[in-house]
2 protein chains.
Amino acid sequence: MNQMHAHAFDIGGPPLDEPKTLVEGAYRQLRRDIIEGRHPPGEKLRVEHLKDQYQVGAGTLREALALLVSDSLVVAQGQRGFRVSPISLSDIEDITRTRVLLECEALRQSMTAGDEAWEADVVSAFHRLTRAEEKLASDVEGAVNEWEERNRLFHEKLIAACPSRWTRQFLGVLYQQSERYRRISVLTRPVPRDVHDEHEKIFEATIARDTKTATKLLGGHIMRTFRAIESLAELHPGVFQPLQAAAAENGARPAVANDAARDKS
Amino acid sequence: MNQMHAHAFDIGGPPLDEPKTLVEGAYRQLRRDIIEGRHPPGEKLRVEHLKDQYQVGAGTLREALALLVSDSLVVAQGQRGFRVSPISLSDIEDITRTRVLLECEALRQSMTAGDEAWEADVVSAFHRLTRAEEKLASDVEGAVNEWEERNRLFHEKLIAACPSRWTRQFLGVLYQQSERYRRISVLTRPVPRDVHDEHEKIFEATIARDTKTATKLLGGHIMRTFRAIESLAELHPGVFQPLQAAAAENGARPAVANDAARDKS
DNA sequence: AAAGCTAAAAATCTCGAGAAAATGTGTTGA
DNA sequence: TCAACACATTTTCTCGAGATTTTTAGCTTT
């Protein structure tokens, strides 16, 4: 059955199925806008404004927002409406560590249970990711979105043979979260380190069925992504923290670094 | 209007406060009704019927159902309404294994980071659980609900000092799921094995800060609960499986326990 | 009888308006 | 200057009714 609500790992990038309902359409658009940072963390999501923007009734948008709570992308506060889930550096670290724990275990199980068809999918996904990384290096317009998509698919295919649906579901949620802050950091500086080499080594170890090496590399890879964000946050203090509290009023540009210090006085 | 239950310890969730909105009220009541099996797995949740039962408008109930998707207790199928998440034996095993992985890791971290206040909370929660287990043995009316509540709190307190909010959140979801099928199985047969002894040994190892022993015992404890369900499902074939597909038509009595028992005679 | 088509019934999905609550603003008084 | 109160605006929350889709039931045909 085509589940209306699905997490990141469940839905393929190109919309294979059109949204069957307005609620689902609004849900998908909103999810995309949140993940890609058009609705920054902490922003208040006013139904009255958003219903015009997304061309649906108030009740419909409300339901879409309620569905987004499933992905932990939106939080609902009693009589005070909805807002985008806040992000802090410690939260990002938590997301990363939990992801390492689950994704390494999932890869281990996937490598144990995976058959030839799975292997072929992994090869294919790695190939596509490689091509996207080449385009990214050439600084082609719009290559970032494609790279994000293929990076997600590569990670997804790696663990696709893991028999635990719950593990995959949780990883889907965590991946969405990490994509959110990765996108934010990209706004400041493009990816500097050699991710392709990391991906390649993970890929080779996986195909060689070297479980120990593959999980170790994958864990290091995820952790290193976080370290990059971390050092970036130190260079630009208040890139993440303010977004949590400041809560851009109505789509206001995140007036990030300035306000942080003034709060104390 | 609002709360019709008379029990003192009504709502198990973290918030002791009253629901601030009708949506939240319907959400909590529905969640309770699903977990306790009044809406069995797979049942279709018709808004038109439920809005009368829960005394709210259609849109309100719809939003409450959307919120329940967050807990993976309800699934939404585009243009075909909502239904209670199905359960199968393999799903239960998945829930159990994932729970073991996460809960053991959480306990390890909790035991490492926990201070005296945490220790005191664990002692208190264990004491309460012990009392509830005594009542359960005496076959006191309504003791099951109290035991469930305190069992949940004991497990929750054990990992309360784990610094990972995401791990705790995922465990909350998994625990709700496991409570759901545990309740179903209780309809057929009361808990036979000596859970108190298991709890006591876990408790002692935790307080003694014997990480290795504590996590090993906890893992075995959770796994053993599943084994009990599993053997029960073998004795009464079709206790869980049918609930997935059969999907009681319109609030039809699932006739779980009765049919299963009759099968044997 | 089984399969296929048509019409009625039920359920889902959607919107706009109105009541309740929260937020913002201005005024008054110490 | 600051605090407190009252009022006005915004926003959330809620319901009922109408349009679209799915499901069911009955009827015809092979």
Side-chain angles (χ1 to χ4, degrees), chain A residues 1-6 17-31 39 42-70 74-85 245-252 265, chain B residues 1-3 15 17-30 39 42-70 74-85 245-252:
Chain A
M1 314 270 176
N2 53 355
Q3 300 284 91
M4 166 170 114
H5 175 264
D17 46 359
E18 298 263 324
K20 291 295 179 199
T21 169
L22 288 188
V23 173
E24 190 181 349
Y27 163 74
R28 292 196 194 173
Q29 259 189 281
L30 264 166
R31 186 178 60 180
H39 295 301
E43 185 188 273
K44 190 98 172 46
L45 293 168
R46 291 182 181 81
V47 178
E48 295 297 304
H49 293 167
L50 266 51
K51 74 178 182 135
D52 300 324
Q53 186 177 339
Y54 291 92
Q55 307 267 4
V56 292
T60 303
L61 185 61
R62 236 176 131 58
E63 192 178 324
L65 286 171
L67 283 175
L68 280 166
V69 176
S70 313
V74 164
V75 290
Q77 315 169 281
Q79 196 87 254
R80 279 186 273 171
F82 301 87
R83 58 175 54 217
V84 181
S85 295
E249 200 57 8
N250 49 1
S265 59
Chain B
M1 305 248 293
N2 12 6
Q3 301 300 84
D17 47 6
E18 305 241 332
K20 290 295 177 199
T21 169
L22 287 187
V23 172
E24 194 181 343
Y27 163 74
R28 292 196 194 174
Q29 263 188 279
L30 264 167
H39 294 301
E43 185 189 88
K44 191 105 173 42
L45 294 168
R46 290 182 181 81
V47 177
E48 296 297 304
H49 294 168
L50 267 50
K51 74 178 182 134
D52 300 325
Q53 186 176 339
Y54 291 92
Q55 307 265 4
V56 292
T60 303
L61 185 59
R62 186 165 250 293
E63 192 179 324
L65 286 171
L67 283 176
L68 279 165
V69 176
S70 313
V74 164
V75 290
Q77 316 167 280
Q79 211 71 272
R80 273 190 279 176
F82 300 87
R83 58 174 57 217
V84 181
S85 296
E249 199 59 7
N250 49 0

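Proteins come first, then strands; the chains are lettered A, B, ... in the order of their sequence lines, and each starts at number 1.
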Residue-phosphate contact under 4.0 Å: [X] side-chain N/O, [N] OP1/OP2:
{"X": "B:Arg80", "N": "D:dT22", "answer": "no"}
{"X": "A:Lys44", "N": "D:dT12", "answer": "yes"}
{"X": "A:Arg62", "N": "D:dC13", "answer": "yes"}
{"X": "A:Thr60", "N": "C:dC15", "answer": "yes"}

Quickly work out the [X] [atom1] to [N] [atom2] distance and round it to whole Å.
{"X": "B:Arg46", "N": "C:dA9", "atom1": "CZ", "atom2": "C1'", "value": "13 Å"}
{"X": "A:Arg83", "N": "D:dT12", "atom1": "CZ", "atom2": "C1'", "value": "14 Å"}
{"X": "A:Gln79", "N": "D:dT14", "atom1": "CD", "atom2": "P", "value": "7 Å"}
{"X": "A:Gln55", "N": "C:dT14", "atom1": "CD", "atom2": "C1'", "value": "14 Å"}
{"X": "A:Gln77", "N": "C:dT23", "atom1": "CD", "atom2": "C1'", "value": "14 Å"}
{"X": "B:Phe82", "N": "D:dT22", "atom1": "CZ", "atom2": "P", "value": "16 Å"}
{"X": "A:Glu48", "N": "D:dT14", "atom1": "CD", "atom2": "C1'", "value": "13 Å"}
{"X": "A:Tyr54", "N": "C:dT14", "atom1": "OH", "atom2": "P", "value": "17 Å"}

Can we say B:Lys20 and B:Glu24 salt-bridge, meaning some charged N sits less than 4.0 Å from an Asp/Glu carboxylate O?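 Judged by the 4.0 Å cut-off on N to carboxylate O distance, B:Lys20 and B:Glu24 do not form a salt bridge.
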On DNA chain C, compare the nucleotides closest to B:Val47 and A:Val56; which residue's is nearer the 5' end?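 This one resolves to B:Val47.
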From [atom1] ([X]) to [atom2] ([Y]), nearest 0.5 Å:
{"X": "B:Arg28", "Y": "B:Glu18", "atom1": "CZ", "atom2": "CD", "result": "8.5 Å"}
{"X": "A:Thr21", "Y": "B:Arg80", "atom1": "OG1", "atom2": "CZ", "result": "13.5 Å"}
{"X": "B:Leu68", "Y": "B:Leu45", "atom1": "CG", "atom2": "CG", "result": "8.5 Å"}

For [X], report the nucleic acid contact type (base, sugar-phosphate, nothing); a contact means any heavy atom under 4.0 Å.
{"X": "A:Leu45", "value": "sugar-phosphate"}
{"X": "B:Gly81", "value": "sugar-phosphate"}
{"X": "A:Gly78", "value": "sugar-phosphate"}

As a test of reading the structure: which of C:dA11, C:dC15, D:dC15 is closest to the side chain of B:Leu22, going by heavy atoms? D:dC15
Which one, C:dC13, C:dT12, D:dT14, comes nearest to the side chain of A:Thr21? C:dC13
Has A:Thr60 got a side-chain atom pairing as donor or acceptor with A:Val23's backbone, closer than 3.5 angstrom?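 Pair absent, no side-chain N/O of A:Thr60 close to backbone of A:Val23.
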